[in-house]
S.K.: 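After the structure tokens below, expect a handful of questions from me.
Computed from a predicted model, the values in this text were never measured in an experiment.
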Amino acid sequence: MLRGMAGWITLGIVLSVSGCSAPPPVGPRFAELPPETYPNSWESLTEPVSSNRLSSEPPSPEPQQEAPEDAPLPNPSTSNPQDESSEPEVLPPGESVLTLPRVLDSVYQTYPLVQMALQQRTIAAGRLLETQGAFDLKLKGGGTSGPLGFYQTNRFGTGLEQALFRGGEVFAGYRIGRGNFQPWYGERETDDGGEFKAGFLIPLAQNRRIDARRAAIFRAALGRDAVEPDILLQLIEIVRSASYAYWDWVAAGQNVRIEEALLDLALQRQDGLKKRVERGDLSPIELTDNERLIASRQSSLIDAQRKFRQSAIKLSLFVRGPEGEPRLPLETWLPPDFPPARPYEEDRLADDINMALASRPETQFLDFVRRQLEVDLAEARNLYLPEVNVGAVASKDIGAPASSKRDKTPFELEASLLMSVPLQRRKALGKLRAVEGKLMQVEAKTRFARDKIATDVQNAVAALEAAYLRIEQSERSVELNRRMEEAERKRFDAGDSNLLMVNLREKAAADARKTLVGARLEYFRAEADLRAAMGSVPVP
């Protein structure tokens, strides 16, 4: 009995030294795991995730460009679509104008594609949990019975197996074998109380630092973090589309107001023309010409109203109510005008490019792809190593002896050393070459992505600067056309001009205002492009 206890104590010491702890459950992100968990079991992957990686609470960098007051980006703390305590409202009490921040706030809280993008986190976490299943504790059992024949036997057994995250496995179990066993199968027989067995198998070379199961977990952990750049990429496009839709709606509304003002001029002039015709101061054909203008301008107004309604319908995809239903923006929600445009400061270009390189999701995603390939590279190098495994098995039968020799009763301890060395190693060499080629591809893609990001920022800045200059010239044109319009109207009232010239001046002034609206639309579209190029979009 004392020998049996000593054997169990020895086995316990061996198992504790071998490190038989199971892998921890899904918890903090791969870069935030404590020292005793995944990364430290493979020392070549101990470098932390870069400080600029995305997280559930993205940093709020110092803005490099002061945005217009009417167009700031929403605060992610108030834009979390999973926050049920704050029901989204299109226009809260006290607000009568629909602004871009209000639109983006609605997008973050209720836009279906945002909800769909955020579900990638759940999918990636599920895949990580799935790979960790390779280290689940396994319960095994079974039995075999031979009731007929010369040798009638019954064998039953059960046990537990636990794969170790640092390599190898431990196991323990119980079996019982009774009956008349064949002489060559004498090891199947146990004492009357059965046999308890426990042991371990530890790799010393191949599969010591990494194996297929751990590599799958490393890739899944990196894949979980890699969804953040993908989410950001989708959010950038969604926010840009919502910004485009909003500014198109504002521009269409401004054009409606221009057409309404143009029509009002002709309507207000109609009564005065009638009186002048009645007095004989004006030819009746001028009255007919004004009626033609009224009809023509009413047609133009109808077309402008159609475009305004279409832009409102498009914007309703992004403006949603508390239940997520699309809300058609009302005409009364239209702001009085575009926010003021501001010139771009040339000395900010280098800083904006650097910020874009640090914030854009493309380079971050490629960094995760590179690190996943580094896992593949380590796995390929692992295949170059020989398989050298050391193991030990301890067993002890209990109960009445099965035979007079009592050969089953003593405590047994068996140690083993197993070796296997592939001579050609073509599998390892082929995988190594393939992974190295993929790493070179990722490096080239990263260089191209960085170049493209820089050009995206430069293109957006060029469009922003050109739009600002066009606004300045359009404002000057509006003022000059306004003066010409007023002068021509005074000449007409004095009898020195005709209605045709007045119409041409009014049309030129309206066209100048429409050109100004188009220039402002281009400016704020370019501003949305610049924000997208810099990746300055908060992630809920």
S.K.: My understanding is that only residues two or more places apart in sequence, or in another chain, count here; which of them pass ring pair (Phe, Tyr, Trp, His ring centres under 6.0 Å) with Tyr244?
M.R.: none
S.K.: Kindly indicate, with the supporting measurements, whether the criterion salt bridge (Lys or Arg N to Asp or Glu O under 4.0 Å) is fulfilled by Glu195 and Arg175.
M.R.: CA-CA 5 Å; Glu195 178 191 63; Arg175 71 181 183 91; 2.7 Å; yes
S.K.: With sequence neighbours left out, what residues match Glu362 under salt bridge (charged side-chain N to carboxylate O under 4.0 Å, His left out)?
M.R.: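 Result, salt bridge (charged side-chain N to carboxylate O under 4.0 Å, His left out) vs Glu362: Arg360.
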S.K.: Do Phe200 and Phe171 have ring centres separated by under 6.0 Å?
M.R.: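 They do not qualify: ring centres at least 6.0 Å apart.
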S.K.: On a heavy-atom basis, which atom in Leu128 and which in Ala221 lie closest, and how many Å separate them?
M.R.: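 Reported closest heavy-atom pair: CD1-N, 3.7 Å.
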S.K.: With rounding to the nearest 0.5 Å, note down the distance linking CG in Asp230 to CZ in Phe368.
M.R.: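 Here the rounded value is 11.5 Å.
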S.K.: For the pair Gln372 (side chain) and Arg219 (backbone), establish whether a donor and an acceptor sit closer than 3.5 Å, ignoring hydrogens and angles.
M.R.: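 Checked: pair present.
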S.K.: Step by step, work out the salt bridge (Lys or Arg N to Asp or Glu O under 4.0 Å) result for Asp367 and Arg370.
M.R.: CA-CA 5 Å; Asp367 181 64; Arg370 176 186 59 79; 2.5 Å; yes
S.K.: Below 4.5 Å, heavy atoms only, C-beta onward: do Arg208 and Ile202 meet side chain to side chain?
M.R.: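 In contact.
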S.K.: Would Phe338 and Trp247 count as a side-chain contact (heavy atoms from CB on, under 4.5 Å) here? Give the steps.
M.R.: CA-CA 9 Å; Phe338 283 91; Trp247 295 121; 3.7 Å; yes
S.K.: For the residue pair Gly167 and Pro203, what are the closest heavy atoms and their distance?
M.R.: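 Heavy atoms only, the tightest pair is C-CD, 3.6 Å.
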S.K.: Please list, chain by chain and in numerical order, all residues satisfying side-chain contact (heavy atoms from CB on, under 4.5 Å) with Leu317, sequence neighbours excluded.
M.R.: Arg320
S.K.: Any chance you could measure Leu432, atom CG, to Leu383, atom CG, to the nearest 0.5 Å?
M.R.: 9.5 Å
S.K.: With a 4.5 Å heavy-atom cut-off, do Pro329 and Trp249 have their side chains touching?
M.R.: yes
S.K.: Using a 6.0 Å cut-off, check whether atom CZ of Arg306 has over 12 heavy atoms from anything other than its own residue.
M.R.: yes
S.K.: Would a 4.5 Å heavy-atom cut-off, applied to side chains only, mark Tyr246 and Val250 as touching?
M.R.: yes
S.K.: Do Val537 and Tyr108 have side chains that approach each other closer than 4.5 Å (heavy atoms only, starting at C-beta)?
M.R.: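 SC-SC contact between Val537 and Tyr108 confirmed.
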S.K.: State whether Arg240 and Glu237 are salt-bridged, where the test is any N-O pair (Lys NZ or Arg NE/NH1/NH2 against Asp/Glu carboxylate O) under 4.0 Å.
M.R.: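 Here Arg240 pairs with Glu237 in a salt bridge, since their nearest N and O are under 4.0 Å apart.
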S.K.: Return each pair, listed once, that meets salt bridge (Lys or Arg N to Asp or Glu O under 4.0 Å) where at least one residue sits in residues 385-394; pairs must be two or more places apart or across chains.
M.R.: none
S.K.: I would like to know whether Ser416 and Val390 meet side-chain contact (heavy atoms from CB on, under 4.5 Å); could you show each step before the answer?
M.R.: CA-CA 6 Å; Ser416 59; Val390 62; over 6 Å; no
S.K.: Gln473: which residues meet the side-chain contact (heavy atoms from CB on, under 4.5 Å) condition with it, sequence neighbours left out?
M.R.: none
S.K.: Identify the two heavy atoms, one from Ala378 and one from Ile210, that lie closest to each other, and give their separation to 0.1 Å.
M.R.: O-CG2, 3.8 Å
S.K.: Please evaluate residues Arg381 and Leu377 with respect to the criterion side-chain contact (heavy atoms from CB on, under 4.5 Å), reporting the C-alpha separation (whole Å), side-chain torsions for both, the decisive distance (0.1 Å), and the verdict.
M.R.: CA-CA 6 Å; Arg381 289 171 177 170; Leu377 186 64; 3.5 Å; yes
S.K.: Take atom NZ in Lys514; do more than 12 heavy atoms of anything else shown fall under 6.0 Å from it?
M.R.: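 Correct, the count exceeds 12.
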S.K.: Using 0.5 Å steps for rounding, measure from the CZ atom of Arg224 to the CG atom of Leu129.
M.R.: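 So the CZ of Arg224 and the CG of Leu129 are separated by 10.5 Å.
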S.K.: CZ of Arg327 to CG of Leu315: how many Å apart, nearest 0.5 Å?
M.R.: 12.0 Å
S.K.: Just jot down the side-chain contact (heavy atoms from CB on, under 4.5 Å) partners of Met116, sequence neighbours excluded, or say none.
M.R.: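 For Met116 the side-chain contact (heavy atoms from CB on, under 4.5 Å) partners, ignoring immediate neighbours, are Leu113, Gln234.
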S.K.: So, for Ala356 and Val457, which heavy atoms are closest and what is the spacing to 0.1 Å?
M.R.: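 In terms of heavy atoms, the two residues are closest at CB-CG2, 3.7 Å.
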S.K.: Could you tell me the separation between the CZ atom of Arg127 and the OG1 atom of Thr122, rounded to the nearest 0.5 Å?
M.R.: 11.5 Å
S.K.: Is the backbone of Phe135 close enough, under 3.5 Å, to the side chain of Gln162 for a donor and an acceptor to pair up by distance?
M.R.: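 Pair found, side chain donor or acceptor close to backbone of Phe135.
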S.K.: Applying salt bridge (Lys or Arg N to Asp or Glu O under 4.0 Å) as the test, list every pair that has at least one member in residues 421-431; sequence neighbours left out.
M.R.: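 Checked against salt bridge (Lys or Arg N to Asp or Glu O under 4.0 Å) - neighbours excluded - the pairs reaching residues 421-431 are Glu379-Lys431.
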S.K.: Are there more than 12 heavy atoms of other residues, nucleotides or ligands under 6.0 Å from atom CD of Glu414?
M.R.: no
S.K.: Before giving the answer on side-chain contact (heavy atoms from CB on, under 4.5 Å), spell out for Phe165 and Arg214 the whole-Å C-alpha distance, their side-chain angles and the decisive distance to 0.1 Å.
M.R.: CA-CA 7 Å; Phe165 196 80; Arg214 282 175 283 174; 3.7 Å; yes
S.K.: For atom CZ of Arg213, decide whether the heavy atoms of other residues, nucleotides or ligands shown that lie under 6.0 angstrom number more than 12.
M.R.: yes
S.K.: What's the spacing between Arg121 CZ and Asp225 CG if we round to 0.5 Å?
M.R.: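 Atom-to-atom, Arg121:CZ and Asp225:CG are 11.0 Å apart.
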S.K.: Do Leu439 and Asp376 come close enough that some side-chain heavy atom pair is under 4.5 Å?
M.R.: no
S.K.: With sequence neighbours left out, write down each residue that passes side-chain hydrogen bond (donor to acceptor under 3.5 Å, both in side chains) with Gln206, or none if nothing qualifies.
M.R.: none
S.K.: Which residues pass the side-chain hydrogen bond (donor to acceptor under 3.5 Å, both in side chains) test with Gln458, sequence neighbours left out?
M.R.: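 Gln458 satisfies side-chain hydrogen bond (donor to acceptor under 3.5 Å, both in side chains) with no other residue.
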S.K.: Ignoring hydrogens, what is the shortest heavy-atom contact between Ile236 and Gly535? Give both atom names and the distance.
M.R.: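 For Ile236 and Gly535, the tightest heavy-atom pair comes out as CD1-CA, 3.7 Å.
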S.K.: Any chance the side chains of Asp105 and Gln109 put a donor and an acceptor closer than 3.5 Å?
M.R.: yes
S.K.: Give every residue pair that meets the salt bridge (Lys or Arg N to Asp or Glu O under 4.0 Å) criterion with at least one member in residues 515-526, sequence neighbours excluded.
M.R.: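 Matches after skipping sequence neighbours: Asp248-Arg525, Asp337-Arg520, Arg470-Glu522, Glu475-Arg520.
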S.K.: Is there side-chain contact between Leu222 and Val375, with at least one heavy-atom pair below 4.5 Å?
M.R.: yes
S.K.: With sequence neighbours excluded, what pairs up with Arg155 under the side-chain contact (heavy atoms from CB on, under 4.5 Å) test?
M.R.: Thr144, Phe181, Arg188
S.K.: If we ignore angles and hydrogens, is there a donor and acceptor under 3.5 Å between the side chains of Asn382 and Asp211?
M.R.: no
S.K.: For Lys140, does its backbone N or O pair with a side-chain atom of Thr158 as donor and acceptor, under 3.5 Å?
M.R.: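 Pair found, side chain donor or acceptor close to backbone of Lys140.
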S.K.: Centre-to-centre under 6.0 Å for Tyr111 and Phe318, is that the case here?
M.R.: yes
S.K.: Do Pro339 and Phe524 have side-chain heavy atoms sitting under 4.5 Å apart?
M.R.: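 With C-beta onward as the side chain, the pair touches.
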S.K.: State, with a plain yes or no, whether a side-chain heavy atom of Leu349 is found less than 4.5 Å away from one of Tyr344.
M.R.: yes
S.K.: Do you know the tightest heavy-atom contact between Gly321 and Thr110?
M.R.: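 Shortest heavy-atom contact: O-CG2, 3.8 Å.
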S.K.: Can you list every pair that meets side chain to side chain donor-acceptor pair (under 3.5 Å) and has a residue in residues 435-454, with sequence neighbours left out?
M.R.: Lys452-Asp456
